[in-house]
Amino acid sequence: MIIVKTEKQIEAMRESGKILRDTLLKVEEFIKPGLTTKEIDKFAHRYIVSRGAKPSCLGYMGYPAATCISVNEVVVHGIPDDRVIQDGDIVSVDLCVLYKGMHTDAARTFCVGNVSPEKRKLVEVTKESFFEGIKHIKAGSRVGDIGSAVQKYAESFGYGVVRDLQGHGVGCSIHEDPGIPNYGRAGTGEFLKEGMTIAVEPMITLGTYEVYVSEDGWTVSTDDGQPAAHYENTMVVTKDGVEILTL
Ligand code: MF3
Ligand code: CO
């Protein structure tokens, strides 16, 4: 069931989204080689709480941390642990913020230190594919319009588009309808309406788009061990476009 939000709910999501955006900016300043992913998680968690909000991934379906931190070949949902960030890593930090009853969801992939041009390009194109995808969103457009644009753009660079995970509605909870795949055909799928709030999140790989889930039940990695990047924002659909709430 798709939940169209009221103006009051959207206003709360604007505030939630700002806290999330600021958290990611703080993490970007903080992140450096030698830190463990657990230390980065702790830093983000503290900052969110200092803003009077909650990190809503914590406890979501039993998830054990405030953030998902996914290094190199880990695509998404990496559980913060004692893994040490190395010079040249690409590190995706993904988190959800709950404020005034409303959730927002966003992710960035950070290039730490001396990242190879090949990985840097992957991170860049992943972000660009997000903006290609949302170009087509407005009231009356369809979910397939987004995925088709993301896929065309990312594949034009020879990259893989992960199919096993997708974007989603967000707001009253972390994951709501509709699902928003990063591949597909324009002119197909659910219609988007003014006041819908969605998270668009391309997950793009250097090699195969095939992924597997670890025994921990969360960590998603590429089958071939090649790096992956992730970029995500929460937005509200408007009459003639989108308003991004986490930028
Ligand atoms: N952005 C992630 C997603 O949409 C957030 C998940 S919360 C977690 O899957 F608890 F699953 F980590
Ligand atoms: Co998400």
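Start at 1 and go down the list; that is how both ligands and their atoms are numbered.
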Enquirer: Who gets closest to atom 7 (S) of ligand 1 by heavy atom: Cys96, Ser56, Cys57, Pro64?
Expert: Cys57
Enquirer: For Glu201, which part has a heavy atom under 4.0 Å from ligand 1: side chain, backbone, both, or neither?
Expert: side chain
Enquirer: Go through the side-chain N and O atoms of Asn114 and Asp87 and say whether any donor and acceptor fall under 3.5 Å apart.
Expert: no
Enquirer: To make sure I understand the geometry: which N, O or S atom in Glu201 is closest to the Co ion (ligand 2)?
Expert: OE2
Enquirer: Answer with yes or no whether the side chains of Asp82 and Thr36 bring together a donor and an acceptor at under 3.5 Å.
Expert: no
Enquirer: Quick check: Tyr63 and ligand 1, any N/O pair under 3.5 Å apart?
Expert: no
Enquirer: How about CD on Glu118, more than 12 heavy atoms from neighbouring residues, nucleotides or ligands closer than 6.0 Å, or not?
Expert: no
Enquirer: Restricting to N/O/S, name the atom of Asp105 that gets closest to the Co ion (ligand 2).
Expert: OD2
Enquirer: Quick one: nearest non-hydrogen protein atom to atom 11 (F) of ligand 1, plus distance?
Expert: Trp218 CZ3, 3.2 Å
Enquirer: Among Glu232, His175, His230, which residue places a heavy atom closest to atom 3 (C) of ligand 1?
Expert: His175
Enquirer: Taking only heavy atoms of His168 into account, list the atoms of ligand 1 that are under 4.0 Å away from them.
Expert: 4 (O)
Enquirer: Just going by heavy-atom distances, which of Ile79, Leu58, Asp94 is nearest to atom 2 (C) of ligand 1?
Expert: Asp94
Enquirer: For the residue pair Glu201 and Tyr231, confirm or rule out a side-chain donor-acceptor distance under 3.5 Å.
Expert: no
Enquirer: When you compare the side chains of Ser141 and His136, does any donor N or O come within less than 3.5 Å of an acceptor on the partner?
Expert: no
Enquirer: Can you tell me the N, O or S atom of Glu232 that's nearest the Co ion (ligand 2)?
Expert: OE2
Enquirer: Can an N, O or S atom be found in Cys96 less than 2.8 Å away from the Co ion (ligand 2)?
Expert: no
Enquirer: Before accepting this row, confirm whether a basic side-chain N of the pair Arg14/Glu11 lies closer than 4.0 Å to the acidic partner's carboxylate O.
Expert: yes
Enquirer: Going by atom types only, do Thr104 and Thr234 share a side-chain donor-acceptor pair under 3.5 Å?
Expert: no
Enquirer: Could you label the plane-to-plane angle of the His175 and His168 rings as parallel, tilted or perpendicular, counting under 30° as parallel and over 60° as perpendicular?
Expert: perpendicular
Enquirer: Can you tell me the protein heavy atom closest to atom 12 (F) of ligand 1 and the distance?
Expert: Cys68 SG, 3.1 Å
Enquirer: Donor-acceptor pair, Glu155 side chain versus Lys152 backbone, under 3.5 Å?
Expert: no
Enquirer: How far is atom 9 (O) of ligand 1 from its nearest protein heavy atom, and which residue and atom name does that atom have?
Expert: His77 NE2, 2.7 Å
